[in-house]
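One structure below.
What you see is a predicted model; the values in this text were computed from it and never measured.
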Amino acid sequence: MPAMQVRPPDSPLSDGVVSLRPWTLDDLPAVVATCSDAELQRWLPYLPSPYTEADARDYVRSTQIGWRDQRGGTFAVVDLDSGEVVGSIGMRVLDREQAVVEVGYWSAAATRRRGLTTRALRLIARWLFESVGAERVQLRADVLNTASRRVAEKAGFVLEGVLRSGGLNPREGRRIDYALYSLLPGELD
């Protein structure tokens, strides 16, 4: 089995409805607006609060680091109809030899429940299987985060179980149980 090659695609990934492209500094207002959302901060408890333009600048710059060292990468999710940034989706290599990758995502409040994040998840999974060489794509979601879990399930990911007390949510003062989902190459529709 050839080793995974984690390089950004030559052009944005697209399904005709959404596009996945690298983040730019022009995206700072969208990052600040989305990462300031109370619902997103609930599920991503390590986001700074209040979330500032400096935090957004650090985020956009950090998205390039994973690409350089081939550990992973992050895309802006763009609604092709409006041209607006509607979220983020990224991946990181968990085990290069075994070709295992983990993905994560977030979406802007105004664009939730439109299926755009599900489309982005399918796009990145297809790219990971066909171009990067992944043999397993997995994701974790707080068991209480029904919206994120619904995205995974609609994209075809299979619930494998729960990682009990797998993390900490310091904002809510509780341990997190993570639902663990996976997708294998032959399971993507």
* Asked: In terms of hydrophobic clusters joined by side-chain contacts under 4.5 Å, are L128 and V6 together?
  -> yes

* To do: Rounded to the nearest 0.5 Å, what's the gap from CZ on R126 to CG on L121? Could you check?
  => 11.5 Å

* **Sub-4.5 Å side-chain heavy-atom contact between L40 and R112** => yes

* To do: State, with a plain yes or no, whether a side-chain heavy atom of E172 is found less than 4.5 Å away from one of P45.
  => no

* To the nearest 0.5 Å, what is the distance between CG (D55) and SG (C35)? -> 8.5 Å

* **salt bridge (Lys or Arg N to Asp or Glu O under 4.0 Å) assessment of D27 paired with R57** => CA-CA 9 Å; D27 298 322; R57 186 176 307 278; over 6 Å; no

* To do: State, without any angle test, whether R164 and Y178 hold a side-chain donor-acceptor pair at a distance under 3.5 Å.
  => no

* Looking at CG of L13 and CZ of R21, how far apart are the two atoms once the value is rounded to the nearest 0.5 Å? -> 12.5 Å

* **L163-V158 co-clustered via ILVMFWY side chain contacts under 4.5 Å** => no

* Y181 and R140: CA distance, side-chain angles, deciding distance, side chain to side chain donor-acceptor pair (under 3.5 Å) verdict -> CA-CA 6 Å; Y181 289 88; R140 292 174 294 147; over 6 Å; no

* To do: Please round to the nearest 0.5 Å and tell me the distance separating atom CG of N169 and atom CG of L44.
  => 9.5 Å

* **Note, W127 side chain near F75 side chain (heavy atom, < 4.5 Å)** => yes

* **Considering all heavy atoms, the nearest A141-S148 contact** => CB-OG, 3.8 Å

* Structure fact -> Note: F129 and E135 closest approach over all heavy atoms is CE2-C, 4.2 Å

* Any side-chain heavy-atom pair of L168 and I176 under 4.5 Å -> no

* Asked: Okay, side chain of S36, backbone of A33: is any donor-acceptor separation there less than 3.5 Å?
  -> no

* List the steps and the verdict of side chain to side chain donor-acceptor pair (under 3.5 Å) for T34 and D37. => CA-CA 5 Å; T34 300; D37 174 58; over 6 Å; no

* Separation between CG of L123 and CG of L188, rounded to the nearest 0.5 Å -> 9.5 Å

Show the atom names and distances, to 0.1 Å, of all donor-acceptor pairs under 3.5 Å that link a side chain in residues 77-96 to residues at least two apart or in another chain.
from, atom 1, to, atom 2, distance (Å)
D79, OD1, D81, N, 2.9
D79, OD2, R114, NH2, 2.7
S82, OG, E84, N, 3.2
S82, OG, E84, OE2, 3.3
S88, OG, Y59, OH, 2.6
R92, NE, E102, OE1, 3.3
R92, NH2, E102, OE1, 2.7
D95, OD1, E97, N, 3.1
D95, OD1, Q98, N, 2.9
R96, NH2, Q70, O, 2.5

* Side chains of R136 and Q138: do they bring a donor and an acceptor to under 3.5 Å? -> yes

* **Side-chain heavy atoms of D142 within contact of D177, under 4.5 Å** => no

* Asked: Is there a side-chain contact between V101 and M4 (heavy atoms, below 4.5 Å)?
  -> yes

* Structure fact -> Tightest non-hydrogen contact, residues D26 and P29, listed as O-CD, 3.5 Å

* Is a donor on one side and an acceptor on the other found under 3.5 Å between the side chain of R119 and the backbone of A155? -> no

* Of all the heavy-atom pairs spanning L183 and G156, show the shortest one and how long it is. => CD1-O, 3.2 Å

* Asked: Can you tell me if CD on E187 sees more than 12 non-hydrogen neighbours from other groups inside 6.0 Å?
  -> yes

* Asked: So which heavy atom on R175 is nearest to which on G166, and how close?
  -> NH2-C, 4.3 Å

* Go through the steps for W67 and T74 under the test side chain to side chain contact (heavy atoms under 4.5 Å, CB included), then give the verdict. => CA-CA 8 Å; W67 293 120; T74 305; 5.6 Å; no

* Asked: When clusters are formed by joining ILVMFWY residues with side-chain heavy atoms under 4.5 Å apart, either directly or through shared neighbours, do Y105 and L47 land in the same one?
  -> no

* To do: Would you indicate whether the side-chain heavy atoms of R171 and S49 approach each other to under 4.5 Å?
  => yes

* Structure fact -> Smallest heavy-atom separation, P48 atom then Q41 atom, equals O-NE2, 2.9 Å

* Asked: Do V100 and L159 share a hydrophobic cluster, counting only Ile, Leu, Val, Met, Phe, Trp and Tyr and linking them when any side-chain heavy atoms are less than 4.5 Å apart?
  -> no

* Taking a hydrophobic cluster as the set of Ile, Leu, Val, Met, Phe, Trp and Tyr residues connected by side-chain heavy atoms closer than 4.5 Å, whether directly or through intermediates, do L180 and L144 fall within one such cluster? -> no

* With a 4.5 Å limit on heavy-atom distance, are the side chains of V151 and F157 in contact? -> no

